[in-house]
Q: 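Starting off with a structure, shown below.
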Amino acid sequence: MPIFEQLLTNPILWLTIVILYTLKKGIYFVPQNRGYVIYTLGKYNKTLSAGLNFIIPFVQSVAADRNLKEQSLEIISQAAITKDNITLEIDGILFLKVIDAAAATNNITDYKLSVTQLAMTTMRNAIGSMELDECFQNRDMINAQILNAMTEATAPWGVMVTRYEIKDIMPPQTIREDMEKQMTAEREKRSVILTAEGVKTAAITEAEGHKQARVLDAEAAKAEQVLAAEASKESQVLMATGKAEAIRLVAEADASALEVVGSAANTDQGKAAVTLTLAQDAISAHQAIASESTVVLTDGKTGDNIANTVAQAIAVSSSLKLTN
């Protein structure tokens, strides 16, 4: 006991305790992404940043410790009335970040509660300016509208709202049933439209196919007629060429025969042969006339006629000789 009493009455011990306590009150190690707001005799003095910091003990004090990291706040479900008087239950989530620890301490009592209430009010105002269908179709626009309004309002508080997202929009049960019926009707409508478009496309495709087939048939018939005309033309040309060649050859043959006959007729034997041939032809002609008619009229000078014919032939032969 005497030793304990001596320690309690020892001024050095108490001086050491006071010094240690004073050092503890004057030295602060601030963690990363934290901000310590320092008051000097009840008045704001500065904000301590991350690392080792010193303050004046008993004169300066840490009034607030602010988290400078980005934080998320859940906006509880609340009722909002649309422009067409439909009550919706809407909730969301808010992301914010303290950018000025002093403003978040000095300019607002509870920045988290204030930001949450502001988000709920702004969300109701945004929903009240839209109809029900627009609320479902324009979520991004609602989020952007709420974010812009809150960014301007929270700037004096040293808080920056980085993002706002609507999680769920719940209309009344009757509205949900009507929406389901409407969606069913829309699906059936789209199905009918798609079926009609399919039938239309098929009909157009079939008509185009028939049209193309007719065009191809017409082109094929045209090509066939052209080929047939060209073939007929070539055939006629070949036939005409053949006939001309045949006529030429026959003419040449007749000319050659006449030349041979003429050459032979220039001799005495040829003359005799010609005379005999002409006499035979004349007799054959009279026989033919007699065989084809029951009555034959004659002047009674058949022999003289034959002699005259022979004499004429001899004269022709002599003229041919003279000409040659």
Side-chain angles (χ1 to χ4, degrees), residues 18 20-81 88-130 135 138-170:
V18 170
L20 292 176
Y21 181 75
T22 302
L23 290 175
K24 180 180 179 303
K25 297 291 289 183
I27 300 175
Y28 282 93
F29 294 94
V30 180
Q32 186 68 32
N33 292 323
R34 308 289 292 194
Y36 286 5
V37 179
I38 304 301
Y39 279 11
T40 301
L41 299 177
K43 182 179 180 180
Y44 171 73
N45 179 262
K46 61 181 178 180
T47 300
L48 301 181
S49 59
L52 177 62
N53 294 272
F54 299 94
I55 64 173
I56 302 174
F58 308 110
V59 176
Q60 295 179 331
S61 63
V62 177
D65 176 10
R66 298 304 182 194
N67 185 0
L68 304 181
K69 296 179 181 180
E70 188 170 1
Q71 307 171 55
S72 62
L73 298 178
E74 184 175 0
I75 308 302
I76 61 174
S77 179
Q78 59 176 325
I81 301 177
L88 302 177
E89 293 291 332
I90 303 178
D91 58 0
I93 185 169
L94 177 70
F95 296 88
L96 60 86
K97 184 177 182 180
V98 176
I99 57 176
D100 188 349
T105 303
N106 300 325
N107 298 343
I108 191 74
T109 301
D110 186 344
Y111 71 90
K112 290 185 178 181
L113 178 61
S114 300
V115 169
T116 301
Q117 293 178 345
L118 178 62
M120 296 172 65
T121 303
T122 307
M123 183 168 59
R124 282 196 297 266
N125 293 334
I127 295 299
S129 63
M130 297 182 180
C135 295
N138 300 320
R139 283 197 177 194
D140 292 338
M141 187 173 69
I142 297 174
N143 294 334
Q145 184 177 350
I146 295 174
L147 179 61
N148 293 333
M150 295 193 64
T151 300
E152 182 179 357
T154 58
W157 303 342
V159 177
M160 180 178 67
V161 178
T162 58
R163 190 173 182 181
Y164 183 87
E165 292 291 338
I166 294 177
K167 293 199 299 183
D168 291 319
I169 300 178
M170 296 296 295

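Side-chain atoms are counted along with the backbone in the values below, which use heavy atoms only and exclude waters and symmetry mates. In this text the structure is predicted, and so the values were computed from the model without any measurement.
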Q: Quick check for you: to the nearest 0.5 Å, what is the distance between Met123 atom CE and Leu94 atom CG?
A: 10.0 Å

Q: Considering all heavy atoms of both residues, which atom of Thr105 and which atom of Val37 are nearest to each other, and what is their separation?
A: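 Reported closest heavy-atom pair: OG1-CG2, 3.4 Å.
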
Q: Nearest 0.5 Å please: distance from the OH atom of Tyr111 over to the CG atom of Asp100.
A: 12.0 Å

Q: Show your reasoning for whether side-chain contact (heavy atoms from CB on, under 4.5 Å) applies to Asn67 and Val98.
A: CA-CA 7 Å; Asn67 185 0; Val98 176; over 6 Å; no

Q: Would you indicate whether the side-chain heavy atoms of Ile55 and Asn45 approach each other to under 4.5 Å?
A: no

Q: Supply the atom-to-atom distance Met150 CE to Thr121 OG1, rounded to the nearest 0.5 angstrom.
A: 9.0 Å

Q: After noting the C-alpha distance and the side-chain angles of Thr22 and Phe58, does the key distance pass the side-chain contact (heavy atoms from CB on, under 4.5 Å) rule?
A: CA-CA 8 Å; Thr22 302; Phe58 308 110; 3.7 Å; yes

Q: Output yes when a side-chain donor or acceptor of Ser129 lies under 3.5 Å from a complementary backbone atom of Ala126, and no otherwise.
A: yes

Q: Is there a side-chain contact between Ile127 and Ile142 in this structure, where contact means two heavy atoms from C-beta onward sitting under 4.5 Å apart?
A: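 Answer yes - side chains close enough.
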
Q: For Ser114 and Ile108, which heavy atoms make the closest approach, and how far apart are they?
A: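 Heavy atoms of Ser114 and Ile108 come nearest at OG-CD1, 3.3 Å.
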
Q: Using atom types as modelled and distance alone, determine if a side-chain donor or acceptor of Asn33 lies under 3.5 Å from a backbone N or O of Lys69.
A: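 Such a contact is absent between Asn33 side chain and Lys69 backbone.
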
Q: Between atom NZ of Lys46 and atom CD of Gln60, what is the distance when rounded to the nearest 0.5 Å?
A: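 Atom-to-atom, Lys46:NZ and Gln60:CD are 5.5 Å apart.
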
Q: Closest approach of Pro156 and Asn107, non-hydrogen atoms and distance?
A: O-ND2, 2.7 Å

Q: Quick check for you: to the nearest 0.5 Å, what is the distance between Leu88 atom CG and Gln78 atom CD?
A: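 CD of Gln78 is found 11.0 Å from CG of Leu88.
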
Q: Applying side-chain contact (heavy atoms from CB on, under 4.5 Å), run through Ile38 and Tyr28 and close with a yes or a no.
A: CA-CA 11 Å; Ile38 304 301; Tyr28 282 93; 5.7 Å; no

Q: Can you name the closest pair of heavy atoms from Ala104 and Arg66 and give their distance?
A: O-NH2, 3.6 Å

Q: Can you name the closest pair of heavy atoms from Gly92 and Tyr164 and give their distance?
A: CA-OH, 4.2 Å

Q: Ignoring hydrogens, what is the shortest heavy-atom contact between Gly35 and Ala101? Give both atom names and the distance.
A: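 Shortest heavy-atom contact: O-CB, 4.3 Å.
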
Q: Give a yes or no on this: more than 12 heavy atoms of other residues, nucleotides or ligands lie within 6.0 Å of atom CD1 of Ile81.
A: no

Q: Hey, is the main chain of Asp91 close enough, under 3.5 Å, to the side chain of Asp168 for a donor-acceptor pair?
A: no

Q: Is there a side-chain contact between Tyr36 and Ser61 in this structure, where contact means two heavy atoms from C-beta onward sitting under 4.5 Å apart?
A: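 With C-beta onward as the side chain, the pair stays apart.
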
Q: Starting from the C-alpha separation in whole Å, work towards a yes-or-no answer on side-chain contact (heavy atoms from CB on, under 4.5 Å) for Lys97 and Leu68.
A: CA-CA 6 Å; Lys97 184 177 182 180; Leu68 304 181; 5.6 Å; no

Q: Within the supplied structure, the quantity of interest is the number of heavy atoms (other residues, nucleotides, ligands) at a distance under 6.0 Å from Leu20 CG; does it exceed 12?
A: yes

Q: Rounded to the nearest 0.5 Å, what separates atom CD1 in Ile99 from atom CH2 in Trp157?
A: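 Going from CD1 on Ile99 over to CH2 on Trp157, the span is 13.0 Å.
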
Q: Do any N or O atoms from the side chain of Ser77 and from the backbone of Glu89 form a donor-acceptor pair under 3.5 angstrom?
A: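 No; zero donor-acceptor contacts below 3.5 Å.
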
Q: Taking only residues at least two apart or on different chains, which pairs with a member in residues 138-155 satisfy side chain to side chain donor-acceptor pair (under 3.5 Å)?
A: Asn143-Glu165

